[in-house]
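Model, not experiment: these values are computed from the prediction. Order of the sequence lines fixes the chain letters, A, B, ..., with proteins taken first and strands second; residue numbering starts at 1 for each chain.
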Amino acid sequence: MKLVTEEPNLKLAGQNVRFDQERLNSFVFDARRGDKLAFEKLVSSTQNLARRIALSLVSPCSVDDVLQDSYLLVYRKISSLGAPEAFLSWFCKIVLRTCYDHLQKNSRVVDEEFSEKRPDHSDIVVEQIALRNALSRLHKKDRDVLILREVLELSYQEVAVALGIPVGTVRSRLSKARKHLAERLKL
Amino acid sequence: MKAEKQETWDPIKEAAEQQSFRFQFPPNESIPEVPSVRDWIVKRVIQGYPATFLLALSVVVAGAYRWDPSVLACAPLWALLLTFLFRPLVRNRSGGISYGGITLVWLITILLAPLLNLSSNIVLQQVQYGFLQSELPAIYLQGSLEQLFSNDCFCALLLLGGLVLTCQAFCEHRHFWLLERPEGRVRTYLPLLLPVIVLAVLTALISTAAKDLSPQQRVWLQEMATKLESRPFGNLPVDGDECFWRSQPKLIKGKENFQATLGEQDHKPTSAEELKAYAYYLRKSAELGGRPQQMLEDLHLQCRAIPYVTLDFDFGVLSKRLQKAPADRSVLQACSDKLKAIHKEIPTSGETIDLTAYRELHQKNYDGTFSTGSWSTYELKQHDRAHEAFGIRPLKLLNFSLSPSPVELFYDYQRKRLLQDWLELRSAGLPDKQIQRGRLFQVREDAYNDSTMGRSFWYNLAYQDQVDNFRASVEGLTVLVAIRQYQATTGSLPNSLDGLIDQPEKYVWQLKDGQGVLRGKVDAGSEVPASPIRFGGVE
């Protein structure tokens with residue numbers, strides 16, 4: 001996956017999630033050799049990305065659990081990752097899958113959370129819930145494409161690599177997902 | 001519009017920025033520097049090694065044709081080779097298995113497995129017997145394909161494939177973090193060249209085997225077809241619906257129950273199988289009935305229906321019976337008439353060899369067993385079974401028949417080769433003497449040592465080349481009957497024939513200008529010249 005270097009210090013540039021690929025690779029490389037400090041750096045540099053995915057799919061109160069589970073899996077399985085360059089797509093898959101596992105385990109709670117109409121919610125929280133609710137009703141394949149493209153702002157090529165599908169499929173799924181999401185948000 | 005789109009996702013992005021997360025390291029657990037053995041194994045499973053190997057192994061074993069331990073021992077090696085070659089094709093972009101890819105590999109394996117098994121069988125045959133008959137590869141190939149595409153085997157393969165892919169999907173789902181995008185796509189398609197090359201070679205072989213006949217060959221075949229059609233029973237279909245003669249041997253329980261009537265014998269056979277049954281019926285009739293007329297009826301059929309077999313025994317028995325039979329003038333006259341009719345229909349040796357060659361090469365399913373006199377309903381079934389297992393027949397895949405099959409193509413090629421050789425030999429001229437022709441055919445037979453059809457062809461040419469003996473025997477019998485008629489009329493024999501009539505099988509007679517001429521005497525199995533004696537009044 002080719003990611004554009006915009007912020008060498010790994011801070012978010014506005015709304016973008018961009019990384020210094022070389023530094024990320026070095027964190028992955030060191031972490032695979034058992035360096036816990038490098039792993040911490042890896043967590044801090046990728047947690048915004050992970051949180052965006054999690055917030056798109058699970059309730060805010062579950063985000064930390066999802067992230068903990070995701071990073072725990074990364075911690076235990078990073079040695080099985082082939083090339084460090086493949087980390088980001090690999091990590092996206094792990095976070096997405098952890099979110100879905102979490103949703104499956106807590107489906108009843110989530111449903112309640114989605115249908116909650118608490119009066120003390122600010123507008124932004126209400127919008128978040130509405131968006132998550134709408135996303136949850138999309139087909140899983142379309143939803144994944146939409147999250148990676150719109151929430152993480154990955155390029156078509158990057159989304160294709162992360163999901164293991166052709167770029168053309170990314171485009172078609174994205175178009176379909178956008179249309180369906182717009183319909184659901186209007187409702 | 002774009003700004004509006006961005007705004008849709010702002011709540012999530014803003015919320016993500018506002019929070020922070022601190023990973024809780026698991027206590028007493030460090031980051032593993034190498035993957036666990038389990039992960040290593042599961043990764044190989046996900047990469048499709050076991051799935052490809054198992055599918056290849058099952059196809060190779062299923063198509064082994066000969067379930068010989070040595071052949072089966074080669075199966076894992078072939079499966080490993082196929083896995084090594086085709087495994088990259090089964091991977092998808094996510095690093096898992098592509099169902100389209102695995103189906104493609106499965107089909108390629110089905111195409112290649114019979115060829116791989118063929119090579120195992122050929123090596124085994126060479127090691128076990130030291131030689132390889134040329135038709136065996138085609139037979140093995142066809143047998144392997146048919147076994148692979150038998151209903152049971154194919155269903156079992158589909159079931160196994162489904163099971164393997166279900167396990168594969170389960171592994172991918174459970175261990176999704178091991179899915180890794182494969183490197184490079186171009187390299188993975190290179191193995192496809194192998195089946196393309198195999199198909200090209202097979203197509204070249206098929207087109208070689210299916211090459212057209214030369215004009216000279218066509219002319220000869222046409223000429224022979226016309227000749228054969230003009231002969232009695234010359235152009236019967238291999239099999240037919242009518243089972244009149246085939247049902248007759250069921251009546252034979254012993255001499256008492258056997259009923260051979262001339263009325264039944266007038267029922268003309270309508271197929272080659274019926275003809276065989278008819279010949280068998282006549283033979284039994286002659287053996288059990290013991291009347292010279294019945295034996296002559298049998299000989300008449302032999303004469304008409306080419307090929308001939310060694311009839312020395314029959315002629316010997318007949319001459320004994322004619323010599324010892326009461327001097328019934330009407331019987332002798334009937335025998336004389338029948339012998340003259342037979343004599344008129346005897347073809348020349350050239351015609352006989354030509355027709356034998358034509359029937360051997362061109363008549364499909366012609367097996368040359370017509371006149372062995374050993375036909376029975378049971379044997380016919382056995383014969384059919386042998387044809388099913390080893391004969392020339394279409395390729396049976398699932399419930400479909402495909403023609404030409406590998407065996408048909410091979411034998412077609414063999415026939416053309418034999419036809420070419422035969423016409424070359426024929427154009428060079430065949431010797432007049434039967435013994436010299438026999439030697440010539442023997443040399444050719446030896447040259448076709450690796451081919452069952454080739455050996456059979458040249459052997460049968462020599463074996464059926466007995467029309468000269470047949471003619472001599474008929475002429476000998478004709479003279480004998482004439483002598484017996486003379487004796488019946490006059491009550492005595494000419495002085496010159498004293499002693500000759502007592503042992504008729506020992507003297508060789510010949511018809512010349514309406515007279516019987518003693519040609520020679522049989523001594524210790526071979527003919528030696530005898531003092532010329534003439535007996536007039538044969539015609």
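Looking at heavy atoms from C-beta onward, R22(B) lies out of side-chain contact with Q47(A) at the 4.5 angstrom threshold. Between F21(B) and V63(A) there is no side-chain heavy-atom pair separated by less than 4.5 Å. L178(B) is listed as a side-chain neighbour of S80(A), based on a closest heavy-atom distance under 4.5 Å.
Partners of D64(A) by salt bridge (charged side-chain N to carboxylate O under 4.0 Å, His left out), not counting sequence neighbours: none found. In terms of the side chain to side chain donor-acceptor pair (under 3.5 Å) criterion, residue partners of N399(B) (sequence neighbours excluded) are, by chain and number, N151(B).
In this structure, no portion of A50(A) lies under 4.5 Å from any heavy atom of chain B. Proximity to chain B (any heavy atom under 4.5 Å) is restricted, for L131(A), to the side chain, taken from C-beta onward. Heavy atoms of I165(A) lying under 4.5 Å from chain B belong exclusively to its backbone. Looking at H173(B), the atoms closer than 4.5 Å to chain A (heavy atoms on both sides) sit in the backbone and in the side chain alike. Residue contact with chain B, scored on non-hydrogen atoms closer than 4.5 Å, involves the side chain of I78(A) exclusively. Using a 4.5 Å cut-off between heavy atoms, Q68(A) touches chain B through backbone and side chain atoms alike. Contact of L181(A) with chain B is made through the side chain alone, with heavy-atom distances under 4.5 Å. Only the side chain of L135(A) comes within less than 4.5 Å of a heavy atom in chain B; its backbone stays farther off.
The two residues R97(A) and R174(B) make their nearest non-hydrogen contact at NH2-N, 4.5 Å. Residues K36(A) and F25(B) share a closest heavy-atom pair of O-CZ, 3.7 Å. Residues S79(A) and P32(B) approach most closely at CB-O, 3.1 Å, considering heavy atoms.
Dense packing is recorded around OH of Y99(B), with more than 12 heavy atoms of other residues, nucleotides or ligands lying under 6.0 Å away. Applying the 6.0 Å contact sphere to NZ of K179(A) captures no more than 12 heavy atoms from other residues, nucleotides or ligands. More than 12 non-hydrogen atoms from other residues, nucleotides or ligands lie less than 6.0 angstrom from NZ of K93(A).
Note on I94(A), L67(A), L73(A): by heavy-atom pairs under 4.5 Å with chain B, the leading option is L67(A). Chain B forms more heavy-atom pairs under 4.5 Å with one residue of P166(A), A31(A), G82(A), S56(A) than with any other, namely P166(A).
Rounding to the nearest 0.5 Å places OG of S70(A) at 10.0 Å from CZ of F23(B). Here the CD1-CZ distance, from I31(B) to R33(A), works out to 12.0 Å after rounding to the nearest 0.5 Å.
The side-chain hydrogen bond (donor to acceptor under 3.5 Å, both in side chains) analysis of residues 23-32 of chain B, with sequence neighbours excluded, yields the pairs R76(A)-E29(B).
In this structure, W177(B) contributes its side chain and W90(A) its backbone to no donor-acceptor pair below 3.5 Å.
At a heavy-atom cut-off of under 4.5 Å, chain A is reached by no residue from residues 44-55 of chain B.
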